[in-house]
Amino acid sequence: MERSVKRLIEDKKKRREENIGKYIEQLSDESTPYRLRAAEALGGCADPRAVEPLIAALHDPENEVRWVAAQALGKLRDPRAVEPLLPLLADPDRWTRRGAVWSLGELGDPRAVEPILPLLADKKKDVRTAAADALGKLRDPRAGGTLSAALEDEEEPEVRTAIRRALREITGEAGL
């Protein structure tokens with residue numbers, strides 16, 4: 001009995017290794033759906049070997065692949081992803097910007113604070129919301145002034161709520 005359990009575990013490990021290799025390979029496939037599925041799967045694998053291929057996928061010609069790759073990197077929480085994600089904050093595609101800012105919040109690296117601040121004025125409210133959420137996760141006092149100014153100018157209730165939440169995370173004040 002013990003031998004069969006051990007063999008099952010070994011088989012599972014072997015399949016996992018093979019699958020990670022296949023997903024990494026599929027990130028270069030000509031089929032967009034394959035690349036999307038591969039990026040999503042690698043984000044859930046918790047394997048450091050996925051980081052570099054996902055970083056390469058940040059340059060994919062398809063917006064959706066860049067977005068999913070950015071989010072996958074946030075799920076992996078590997079600091080190697082910070083620098084490659086920063087340029088995506090200026091990507092013309094809103095989903096890519098949103099994925100990058102979300103991931104930078106997940107990574108928790110203070111280098112992301114200054115580059116995220118301009119996104120509080122993004123033309124898309126979901127990007128502004130994601131920027132406020134990320135800044136709240138980063139809890140860096142440098143963001144306080146810009147968040148307060150953004151709160152004054154913001155008209156969207158959803159974004160205002162995210163800004164208040166971020167300010168509470170940074171300042172610890174429950175009254176915001």
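For clarity, every value in this text was computed on a predicted model and none was experimentally measured.
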Shared hydrophobic cluster for L27 and V51 (ILVMFWY, side-chain gaps under 4.5 Å): yes
Looking only at heavy atoms, the pair that brings P115 and P118 closest together is O-CD, 3.3 Å
The reported gap from CD in E156 to CZ in R128 (rounded to nearest 0.5 angstrom) is 6.0 Å
For D91 and R97 the tightest heavy-atom approach is O-NH1, 2.9 Å
CG of L120 to OG1 of T129, rounded to nearest 0.5 Å, is 10.0 Å
For R160 and L151 the tightest heavy-atom approach is NH1-O, 2.5 Å
With a 4.5 Å cut-off on side-chain heavy-atom distances among I, L, V, M, F, W and Y, is there a chain of contacts connecting V68 to I20? no
Of all heavy-atom pairs linking W95 and W67, the shortest is O-CD1, 2.7 Å
Residue pairs meeting side-chain hydrogen bond (donor to acceptor under 3.5 Å, both in side chains), one or both in residues 130-147, sequence neighbours left out, come to E106-K137, D133-R165, R139-E169, D140-R142
Between the CD atom in E62 and the CG atom in L36, the distance rounded to the nearest 0.5 Å is 8.0 Å
- Message: Tell me whether E83 at atom CD has more than 12 heavy atoms from other residues, nucleotides or ligands lying less than 6.0 Å away.
- Response: yes
Checklist entry - Is it true that L58 and L104 fall in one hydrophobic cluster, defined by side-chain heavy atoms closer than 4.5 Å? => result yes
When you group the ILVMFWY residues by side-chain heavy-atom contacts below 4.5 Å and let the links chain together, are L42 and W102 in the same group? no
Nearest heavy-atom contact between A69 and L54 is CB-O, 3.9 Å
Sorted by chain and residue number, the salt bridge (charged side-chain N to carboxylate O under 4.0 Å, His left out) partners of D126 (sequence neighbours excluded) come out as R94, R98
Rounding to 0.5 Å, atoms CG (D153) and OG (S148) come to a distance of 11.0 Å
| query | Does I163 share a hydrophobic cluster with L138, counting links as ILVMFWY side-chain heavy atoms below 4.5 Å and allowing steps through other members? | reply | yes
Short side-chain donor-acceptor distance under 3.5 Å, R35 and T32:
yes
- Between K124 and D122, is there a side-chain N and carboxylate O pair less than 4.0 Å apart? no
Closest non-hydrogen contact found for L167 with G144 is CD2-O, 3.7 Å
Is the shortest heavy-atom distance from the side chain of L117 to the side chain of L135 under 4.5 Å?
yes
The reported gap from CZ in R66 to CG in L85 (rounded to nearest 0.5 angstrom) is 12.5 Å
